[in-house]
Student: 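Structure below; questions to follow.
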Amino acid sequence: MTGHSTKPRSIAWELIVLFSIASALLVACGLGVFYVIAVRHAFAEDNAILVDKISALSADLRESSPDVFAQELKSRRAGEHATYWTRMLDSQGRTYAETPGMDRLLPPEIFPLAQQSSVAVGGRKDYHRAAKLFSLIAFNETSGDQAYTVQLAQDRSSDERVEREFAVLFIIVLASSVLASACIAIIVTKRGLRPLTQLTQLVARMGPMHLKERVAPGSSFRVQLRKVATTQFYFVS
């Protein structure tokens, strides 16, 4: 009857692996908590700014005429970077005014259903277009005797870019930590188990053909054996 015998793993190898895994888990947990806090803070801050923007637009539309509000929307020059894109629809759903270029990038049909301005953020919709991330909302407002729908898009591409960069940094730091932990574990384990390795080699040379072989520990080895003997004495006592 034949079988394949597996060579048991050494103590040093097991210590290195366990130490590396423990260090990786600690680093991953720390970075993960920091990542979640940073991302949530960024999105919560954007939501707060979005609420202020909705309040400002609602106040402008109530206090000014639709023509003045529409002129403000059209005042942005074409090609200029915009953090917010705004469209104004009449009661028939027709575009009354909008930020220049908004019809090509953010058509009216992709926006969520209009709500009251006080709860519009709750119906926010995330939308990807042309490597950009937008938060879309729509709310109802009146100006004079006419009802209008305002569609607002907030550009959150910078937050998404920071999130991706942080994820890459997370992987790099985690990989570097695992490599550094493995190197430290190898050095510490070899130094710590050196007396045991020496004892194993000396005992292995003893046998029927080497009856005169004796264990002759040096000064450092004698200290290690004294520690072992002291520990055993305390346990026995």
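Computed from heavy atoms alone, side chains included, the values below leave out hydrogens, waters and symmetry copies.
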Student: How about Tyr127: does its OH atom have over 12 heavy atoms from other parts shown lying under 6.0 Å from it?
Tutor: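 Yes.
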Student: Taking only residues two or more places apart in sequence, or in another chain, which ones meet Ser64 in a side chain to side chain contact (heavy atoms under 4.5 Å, CB included)?
Tutor: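 Applying side chain to side chain contact (heavy atoms under 4.5 Å, CB included) to Ser64 gives Val68, Phe69.
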Student: Side-chain donor-acceptor contacts of residues 48-55 below 3.5 Å, not counting sequence neighbours, with atom names and distances?
Tutor:
| from | atom 1 | to | atom 2 | distance (Å) |
| --- | --- | --- | --- | --- |
| Ser55 | OG | Val51 | O | 3.1 |

Student: With sequence neighbours excluded, what pairs up with Arg94 under the salt bridge (charged side-chain N to carboxylate O under 4.0 Å, His left out) test?
Tutor: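 Result, salt bridge (charged side-chain N to carboxylate O under 4.0 Å, His left out) vs Arg94: Asp90.
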Student: What pairs with Ile21 under side chain to side chain contact (heavy atoms under 4.5 Å, CB included), at least two apart in sequence or on another chain?
Tutor: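 In terms of side chain to side chain contact (heavy atoms under 4.5 Å, CB included), with neighbours along the sequence ignored, Ile21 is linked to Val17, Leu25.
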Student: Under the salt bridge (charged side-chain N to carboxylate O under 4.0 Å, His left out) rule, collect the residues that match up with Arg62, sequence neighbours excluded.
Tutor: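 Listed in chain order: Glu141.
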Student: I'd like to check the side chain to side chain donor-acceptor pair (under 3.5 Å) partners of Asp103; sequence neighbours left out, ordered by chain and number.
Tutor: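 Asp103 satisfies side chain to side chain donor-acceptor pair (under 3.5 Å) with no other residue.
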Student: Would you please name every residue forming a side chain to side chain contact (heavy atoms under 4.5 Å, CB included) with His128, sequence neighbours left out?
Tutor: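 So His128 forms a side chain to side chain contact (heavy atoms under 4.5 Å, CB included) with Leu133, Glu160.
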Student: Provide the closest heavy-atom pair for Phe139 versus Gln116 in the form atom of the first, atom of the second, distance.
Tutor: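 Looks like CB-C, 4.2 Å.
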Student: Any chance you could pull the hydrophobic cluster mates of Val33, using side-chain heavy atoms under 4.5 angstrom and chaining through other members?
Tutor: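 Joined to Val33, directly or through intermediates: Ile37.
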Student: Roughly how far, to the nearest 0.5 Å, is the CZ atom of Arg129 from the CG atom of Leu105?
Tutor: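 Result: 5.5 Å between the selected atoms.
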Student: Is it the case that the side chain of Lys125 and the backbone of Ile110 share a donor-acceptor pair, with hydrogens and angles ignored and the cut-off at 3.5 Å?
Tutor: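 Looks like yes, one N/O pair under 3.5 Å.
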Student: How long is the straight-line distance from CG of Asp60 back to OG of Ser65, given to the nearest 0.5 Å?
Tutor: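 Going from the OG atom of Ser65 to the CG atom of Asp60 covers 11.5 Å.
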Student: What heavy-atom pair brings Pro66 and Tyr96 nearest, and what distance separates the two atoms?
Tutor: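 Smallest interatomic distance, heavy atoms only, reads O-CE2, 3.7 Å.
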Student: Please give me the minimum heavy-atom distance between Ile137 and Phe111, naming the atom from each residue.
Tutor: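 Looking at all heavy atoms of both residues, the closest pair is O-CD2, 3.5 Å.
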Student: List the residues meeting side chain to side chain contact (heavy atoms under 4.5 Å, CB included) with Gln115, not counting sequence neighbours, and say none if there are none.
Tutor: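 Residues passing side chain to side chain contact (heavy atoms under 4.5 Å, CB included) with Gln115: Val119.
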Student: Distance check, rounded to the nearest 0.5 Å: Glu163 atom CD versus Ser158 atom OG?
Tutor: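 Rounded to the nearest 0.5 Å, the CD-OG separation comes to 11.5 Å.
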Student: Under 3.5 Å, side-chain donor or acceptor atoms of residues 146-154 against the rest of the protein: list the pairs with distances, not counting sequence neighbours.
Tutor:
| from | atom 1 | to | atom 2 | distance (Å) |
| --- | --- | --- | --- | --- |
| Thr149 | OG1 | Asn140 | OD1 | 3.1 |
| Gln151 | OE1 | Arg87 | NH1 | 2.8 |
| Gln151 | NE2 | Pro108 | O | 3.3 |
| Gln154 | OE1 | Arg156 | NE | 2.6 |
| Gln154 | OE1 | Arg156 | NH2 | 3.0 |
| Gln154 | NE2 | Asp46 | O | 3.3 |
| Gln154 | NE2 | Tyr84 | OH | 3.1 |

Student: Cut-off 3.5 Å, side chains only: do Ser157 and Asp155 have a donor facing an acceptor?
Tutor: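 The criterion, which ignores hydrogens and geometry beyond distance, is satisfied for Asp155 and Ser157.
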Student: As a test of understanding, state which of Leu61, Thr95, Thr99 forms a side chain to side chain contact (heavy atoms under 4.5 Å, CB included) with Met88.
Tutor: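 Per the side chain to side chain contact (heavy atoms under 4.5 Å, CB included) rule, the option paired with Met88 is Leu61, out of Leu61, Thr95, Thr99.
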Student: Show me the donor-acceptor pairs within less than 3.5 Å that the side chains of residues 164-186 make with the rest of the protein, sequence neighbours left out.
Tutor:
| from | atom 1 | to | atom 2 | distance (Å) |
| --- | --- | --- | --- | --- |
| Ser176 | OG | Ile172 | O | 2.9 |
| Ser177 | OG | Val173 | O | 2.7 |
| Ser181 | OG | Ser23 | OG | 3.4 |
| Ser181 | OG | Ser177 | O | 2.7 |

Student: By salt bridge (charged side-chain N to carboxylate O under 4.0 Å, His left out), which residues pair with Asp126, not counting sequence neighbours?
Tutor: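 Applying salt bridge (charged side-chain N to carboxylate O under 4.0 Å, His left out) to Asp126 gives Arg124.
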